[in-house]
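What follows is a short report on a single structure.
Just so you know, ligand 1 is whichever comes first in the structure, and atom 1 is the first atom listed for that ligand.
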Amino acid sequence: MTRTRFAPSPTGRLHLGNARTALFSALLAVHEGGRFMLRAEDTDAARSSEEHFEGLLEDLRWLGLRWDEGPDVGGPNGPYRQRDRARIYADYSERLEKAGQAYPCFCTAEELASERAAALRKGEAPRYSGRCAALTPEQAARRLAAGEPASLRFRVPPGRTLTYTDIVRGEQQVDTDTLGDFVIRRSDGTAPFFFANALDDALMQVTHVLRGEDHLANTPRQLLLLGALELEAPRYGHLPLVVDEAGKPLSKRNASVGLAELRVKGWLPLAIANYLFRLGHSPEETGLLDWPGMARAFDTGRLGRASAHYDEAQLAHWQRLAIAGLDAEAAAAWSGVDFAPGDAFWALVRENISVRDDVAGWQKALGPEPPFDDGAVATLAGADPKLWAVAAELAGEGDFGLVASVLRERTGLGGRRLFKPLRAALTGRHDGPELARLWNWFSPAERMARIERAAAMAR
Ligand code: GLU
């Protein structure tokens, strides 16, 4: 069974980049009829907080994600918070140590830093020299007994080529000699991120990991570790990062792309989900999809390798479609505008709304005293007065096709010279629903009042 997970670190709120990772991971599981899990990677006590943890859950739920297992809903593979799994990490690092696949390292931070600096000066990629690998078990035991602080390093098998297939990037090859022995237990006993992460994925039986490309360098180390522990590794897929206009990866520090912020501004979750669904993923479906539709159409074969640019104009496109798909009740709740009677108002304007304020704007435009915007004022000032004389005679006519043809015939006007002023007279603006529908929205008396007002505005 396909099992995927989203594994955020609660060090900030969710932004569009990690929301996309969560979305793709969830859709993959649903597409395959599998399970989706949530795991909090909160081992970094200094940077993680309960507030961020709660915030993450709230952001994910708001977006529309649901998980089968996780810290709040439980499940058979828990605990789902890494801070509650320290014992497990300690056990497994000990196993590696006992099997001779890991060794204590006494190098100090200063020694490591100067080795690193020396490598960089020579233009080489810094990697651990292997100094403590050569200590005999007796030497190491003596130093440990003397209370010298030690980390635990994994002994990377030398001279091997590690080959694996990335779900997004295809076949990858890594020469193990480029890795250097790496720390799997810090001198304070805690597990580094990639160790806990790999172990949890294997123990929670995760089959597919979709995550940001920034984790690519962890993968070979994670595969080696799981291989040494004889645990089954998931298949990894690395998504190109989502970048802003300047080409910089979106970050938790940039609130403008934070889900919480987008929610406050009135962006709809389904619009965001549909937008993210097309960010680095190219489905055939071009229309707005609901959750089951997205899950059906999600295809890892359609994940791309090019970096994905955040583009608010694209998000706005999905927002318009998502808004148009709201029913009247949901639209009233979303916009905070109380519209009556029934759905008729919403049915008329739903395709002309981009932001919440537009709803109140249309309510005014269709109400008794529509404000005129500058463009409408100019249009009405320049309109042919003949138009109003004929229009007034037709105010009682409900068949707009007939109204239009009589107006054309009797005024000699057509196209924009006819319809632009008529629209401006009815609504005080130039954009909006079809003119025929607008005409019929108003009663004959309301049409008459608007035509008279427009006539009075002519020069
Ligand atoms: N906690 C990691 C992150 O937030 C998860 C990486 C992964 O998905 O493997 O980036």
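Within the listing of ligand 1, atoms 1 (N), 2 (C), 5 (C) sit less than 4.0 angstrom from a heavy atom of E41. If you number the atoms of ligand 1 from 1 as listed, the ones under 4.0 Å from a heavy atom of R211 come out as 7 (C), 8 (O), 9 (O). Every atom of ligand 1 is numbered from 1 in the order shown, and the set under 4.0 Å from a heavy atom of R5 is 7 (C), 8 (O), 9 (O).
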- Going through the distances and angles, do T300 and H208 end up as a side-chain contact (heavy atoms from CB on, under 4.5 Å)? CA-CA 11 Å; T300 51; H208 296 72; over 6 Å; no
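Taking distance alone, with nitrogen or oxygen atoms compared against 3.5 Å, D201 stays at or beyond that limit from ligand 1.
A parallel orientation is assigned to the rings of Y236 and H238, their planes being inclined by less than 30° (bins at 30° and 60°).
Scanning all heavy atoms of the two residues, the minimum distance from W62 to W267 falls at CZ2-O, 3.3 Å.
The main-chain N or O of L326 is found under 3.5 Å from a side-chain atom of W346 such that the two form a donor-acceptor pair.
In terms of protein heavy-atom proximity, atom 5 (C) of ligand 1 is closest to A7 O, 3.2 Å. Scanning the protein heavy atoms around atom 3 (C) of ligand 1, the nearest turns out to be H215 NE2, 3.6 Å.
Contacts with ligand 1 closer than 4.0 Å are made by no heavy atom of N218, backbone or side chain. When non-hydrogen atoms are compared, ligand 1 lies under 4.0 Å from the side chain of F193 (C-beta onward) but not from its backbone.
The only member of R3, R5, R39 that meets salt bridge (Lys or Arg N to Asp or Glu O under 4.0 Å) when paired with E69 is R3.
The pair R13-D59 counts as a salt bridge, with a side-chain nitrogen and a carboxylate oxygen less than 4.0 angstrom apart.
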